[in-house]
Amino acid sequence: MAEEKRQFQAEVGKLLDIVVHSLYSNKEIFLRELISNASDSCDRLRYAALTETDLLSGDPDFVIRLIPDEKAGTLTIADNGIGMTHDELVANLGTIAKSGTSEFLSRLTGDAKKDVNLIGQFGVGFYSAFMVAEEVSVVTRKAGDASGWRWVSDGKGEFTVTEAPEAARGAAITLKLREAEKEFTEAFRLKSIVKKYSDHIAIPVKLKDGDKEEETVNSASALWTRSKSEVTAEQYKEFYHHVAHAFDEPWSTLHFKAEGAIEYTGLLFVPSSKPFDLFQPDRKQHVKLYVRRVFITDDCEELLPPYLRFVRGVVDSQDLPLNVSREMLQHNPILAKIRSGLIKRVLGELKKKAEDAEGNYDAFWDAFGAVLKEGIYEDFERRDEILELCRFRSTHGDGWTTLADYVGRMKDGQEAIYTITGDDLAKLKQSPQLEGFKAKGVEVLLLTDPIDEFWVSAIPRYQEKDLRSVTAAGADLGKVKSAEADDKKADEAPADEVATLIEALKLALGDKVKDVRPSERLTESAVCLVADAGDMSMHLEKMLRAHGQAPGDKPRILEINPRHGLIKGLAAKVKASGTGPLVEDMAALLLDQARIVEGEPPADASAFARRLVSVMELGL
Ligand SMILES: Nc1ncnc2c1ncn2[C@@H]1O[C@H](COP(=O)(O)OP(=O)(O)OP(=O)(O)O)[C@@H](O)[C@H]1O
């Protein structure tokens, strides 16, 4: 077959451009990436060979070889792992299969300093070879195939693929080093890079230094099988980088051995920064499953629930059978026990860090709180435990609060834990719905994650206290004692005038509102909109509408503030001279204004403008 020329997918082109223009300050990490890929490839073949032993024929011992050639100025990283077919080669090294790639690339700014952090979260894997090489060739043969392929590229938009009958099983990546990067042929330099980043790789990494005997340059034992006292913080970190394809510091490292009826070892990490794909719809968990040190899968949903998908690492079971298939994993009682053991450990660790002043729990919460909160309504059994781990913004100061602290601050007569949902903290704080609560010193939780809408309505109670939205009708503020707020009663428009005004407003607004009623919650604003008990909250409706799935506009309840000058004036006017076009215009303006404060446009913008102008003219 003749040489086949192909273009990189546009996204790869863009990524390569950034890589080549050297965003990385430490280029040596290319070796970690390539060794990491080689080790994954051996892991996958080891697993495949459990059922198809022929795949290992003639070459049963896995090894990764580093072959520097000073004269030619090349470095080869060769493995005898699973290798790639022609189509896999084209797909794996010509496209990026990660979900969210385009979205990620669109976030790059072109400013090297900012982009380097983003790229760090994303990981460039194989493509990092182009940081040091002017040309990269990959010679590969898939285990079980008779013949192989050669892939060559200078990273400038195109690559070629030709048949390579001589290819050995696995993959050999040869880098033609740039003039300035020739140091990567020096044995001493390579050894120190392997020690630094790849010591924990469970497969031997061998280096041939000139005429000297080939030597193994890593420890080549699975890190999680070593005892804690033998592993340094640096080694844990490097292992985390390898297993998570991450670049940040782990926020927390859990290394443990469960013994008893079911035995397994775990080495788990909680990252310190958000991975770029945290909110992908698949909500996949990321802990790899091993059985007696043989890699089984990195796609085992049963291992951890979606609300712990920020956890990275490995679990190695003693008890599962080696030939465990995906179907067998599905309702496996051993796996179910491992899963609850892992959840317990992770939640226990979070609790410990939350109680430790030095634990930097706020940083964790900032990054992953929104994910953990999914557990409040998905893991009924551990709901209370998860709720205790949650942190909230509230009208009480600027920091985070726990629910327990909130309950401790509840006022005499306050029956419920009050919440308000929205998408912007600053705007929420200004919401007219909060006025009455602020006046009575009643604290309100300010919830701004999309997930909040769902769990708030799903959990009715915490410590025997109802959770109630301030925007829902019937938020019984009346029962909360407050001398200052009670004084304001005296300021209200007379009850009969208010009743007449309400009738006039109902008549003018018709079915645009579900009801009109006097408000207890307003102190400074004239009006606000609230959802009737049992109706969807306005914020949820807005969120659904943004996703094109909301039911039509539901009429809301318009609350009026009988203590507000405008309402008092309007009530007196209606009492004295009845309703008319001006009152109708004002009614419509009041409703539109309440909508605007909720972040919604007036129902009819031109009618709104016309009414506003005519009312303003009267004021002159
Ligand atoms: N030595 C190898 N042997 C077999 N397949 C390989 C090898 N190196 C890379 N691949 C294939 O190419 C794919 C892309 O590799 P690349 O390093 O870009 O990404 P990755 O390892 O999947 O993820 P990350 O970018 O997070 O490192 C791999 O998923 C794998 O399928």
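Order of appearance sets the numbers: ligands from 1, and atoms from 1 within every ligand.
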Task: ligand 1 versus I96: contacting region, heavy-atom distance under 4.0 Å - done: neither
Open item on the list: Are any of the N/O atoms on M84, whether in the backbone or the side chain, positioned under 3.5 angstrom from an N/O atom of ligand 1?
Closed with: no
Task: Contact atoms of ligand 1, heavy-atom distance to G125 under 4.0 Å - done: 17 (O), 25 (O), 27 (O)
Task: Polar contact flag, side-chain donor to acceptor under 3.5 angstrom, S219-S221 - done: no
TODO: Decide, yes or no, whether a salt bridge links E166 with R150 under the criterion of side-chain N to carboxylate O below 4.0 Å.
DONE: yes
Task: Salt bridge flag under 4.0 Å for residues K352 and E349 - done: yes
Task: D248 side chain to Y240 side chain, donor-acceptor N/O pair below 3.5 angstrom - done: yes
Open item on the list: Whether the S128 and E33 side chains hold a donor-acceptor pair (N or O, under 3.5 Å, no angle test) is what I'd like checked.
Closed with: no
Task: Sub-4.0 Å atoms of ligand 1 with respect to non-hydrogen atoms of D79 - done: 1 (N), 2 (C)
Open item on the list: Measuring from non-hydrogen atoms of R44 to any atom of ligand 1, is the shortest distance under 4.0 Å?
Closed with: yes
- [ ] Please work out whether any backbone atom (N, CA, C, O) or any side-chain heavy atom from C-beta onward of L93 is under 4.0 Å from ligand 1, and answer side chain, backbone, both or neither.
- [x] side chain
Open item on the list: If we only consider heavy atoms of I82, is any one of them less than 4.0 Å away from an atom in ligand 1?
Closed with: no
TODO: Give a yes or no on whether a salt bridge exists between E238 and K196, defined as a side-chain N under 4.0 angstrom from a carboxylate O.
DONE: no
Task: Min N/O separation N92 to ligand 1 under 3.5 Å - done: yes
Open item on the list: I'd like to check whether Y127 has a polar contact with ligand 1, where a contact means an N/O of the residue lying under 3.5 Å from an N/O of the ligand.
Closed with: no
Task: Side-chain ion pair, D362 and R391, N-O less than 4.0 Å - done: no
